[in-house]
Amino acid sequence: MAKSPSPSTADYLQPWFKEGNVILVADEKCFRVHRDILSSYSHIFEDMFLCPQPSGAGSDTEESIDGCPVVRLPDAASHVQIALQAMYDRGYMNGFTYPMPFSVLTAFLRLGEKYEIKTLYNEAKARLAKCYPSSVTDLTSAKESMKNSLTGSDPHHFRVINVAREVGLLSVLPAAMYLCLLECPPQTISDGYETSDGHCSLSPANQSVCIAVQDSLASLRRQSFQWLGASQFARLQSHRSTRNACSDKPECLSGAHTILTELFFRTSLVDPLADWREDWDEHFCDNCSVVARRQYGEARVALWASLPRIFGLGQSWTELEQNERKFDLEIDSSDT
């Protein structure tokens, strides 16, 4: 067993257990841990520990530090430290009691996917699912969940989009990309922007998709509100039974025009997936209000269903979920 020079104490990071039987090295930082604990979380670690780790190119001798075998990982030391802390302390970021820092979420996703650590991967996935749901009915509450579930991301969702695509978490991307396009200036999508911890930009693949789709956002808006047009709304008024008939056609038609004008000419930001606004009911009679709510709801659901296709991620939400299940099934099969 070839001995490596003992690192300085500054290179010994927590977790560091004197009785540990393996030293992980990442970015020349060392963690002394237990093979059995890591193996219980990841069969990849288990297999790795069974293979001798050569001390260098062309050497068959196993590397050691202070008599303890060494396994070198090509990962960021900060990510390794976060993952190890979580595996040793299951109270570490477990559940939704506290917001999860984005650095923790990234470590959980990247190392969870790479080493098939299902517990960490699924915890991070659950956080993102609350913030970027696959159901339109959860979209409004998700915006509030972002404040309580995740900290340290960027306001335009670039980092979430990048890491989600990197680890194949496709179901997060439609909502994240939609919110990005809704809130982010086109120039920022192209050039990125500065944050307190450096420049933030979309990956080339994500940038290409967002640039291609942002020009279509105006048509997406029209798709959700086209029923407010004069001819379409008049048709809605005429194709109804006497019991559900409009009680004031000119007034309700004027109300539809008022809402359309407010949305597209008096505001700069129109969210076609937003909830129905209660004040819109004031522009319609009771029967027309019921019809208008139904029309808006149907258009909203249809638009949401089309997001995976619009962003080039698949033909349906079901297809995205099936692709994600492959990772879970692979890990489940490796545990048997």
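Remember, predicted model here, so these are calculated numbers, not experimental data.
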*Specify whether His157 and Tyr132 have parallel, tilted or perpendicular ring planes, treating 30° as the upper limit for parallel and 60° as the lower limit for perpendicular.*
perpendicular
*Answer yes when Lys29 and Asp27 have at least one side-chain N-carboxylate O distance shorter than 4.0 Å, and no when they do not.*
no
_Starting from Trp280, can I reach Val290 by hopping between I/L/V/M/F/W/Y residues whose side chains sit under 4.5 Å apart?_
no
*Criterion side chain to side chain contact (heavy atoms under 4.5 Å, CB included) against Phe284, the qualifying member of Leu253, Ile259, Val291*: Ile259
*In chain order, what residues pass the side chain to side chain contact (heavy atoms under 4.5 Å, CB included) check against Ser135, with sequence neighbours excluded?*
Thr137, Asp138
*Who pairs with Phe158 by ring pair (Phe, Tyr, Trp, His ring centres under 6.0 Å), at least two apart in sequence or on another chain?*
Tyr193
*Anything under 30° is parallel, anything over 60° is perpendicular, the rest tilted; go ahead and classify Phe17 against His34.*
tilted
*Set of residues satisfying side chain to side chain contact (heavy atoms under 4.5 Å, CB included) with respect to Ala83, sequence neighbours excluded*: Met87, Leu111, Leu120
*May I ask you to test the Arg72-Glu28 pair for a side-chain heavy-atom distance under 4.5 Å?*
yes
_With sequence neighbours excluded, residues passing side chain to side chain contact (heavy atoms under 4.5 Å, CB included) with Glu278_ = Asp281, Arg293
*Ionic contact status for Lys114 with Asp75, cut-off 4.0 Å*: yes
_Pairs involving residues 298-313, ordered by first then second residue, that meet side chain to side chain donor-acceptor pair (under 3.5 Å) (sequence neighbours left out)_ = Asp275-Arg300
*Does atom CG of Asp286 have more than 12 heavy-atom neighbours from other groups under 6.0 Å away?*
no
*Ring centres under 6.0 angstrom apart (Phe31, Tyr88)*: no
_For Tyr115, all residues meeting ring pair (Phe, Tyr, Trp, His ring centres under 6.0 Å), sequence neighbours excluded_ = Phe45
*Is there a donor in the side chain of Asp89 and an acceptor in the side chain of Gln85, or the other way round, less than 3.5 Å apart?*
no
*Glu319 and Gly314: which non-hydrogen atoms are nearest, and at how many Å?*
OE2-CA, 3.5 Å
*Whether Asn244 side chain and Asn287 backbone form a donor-acceptor pair below 3.5 Å*: no
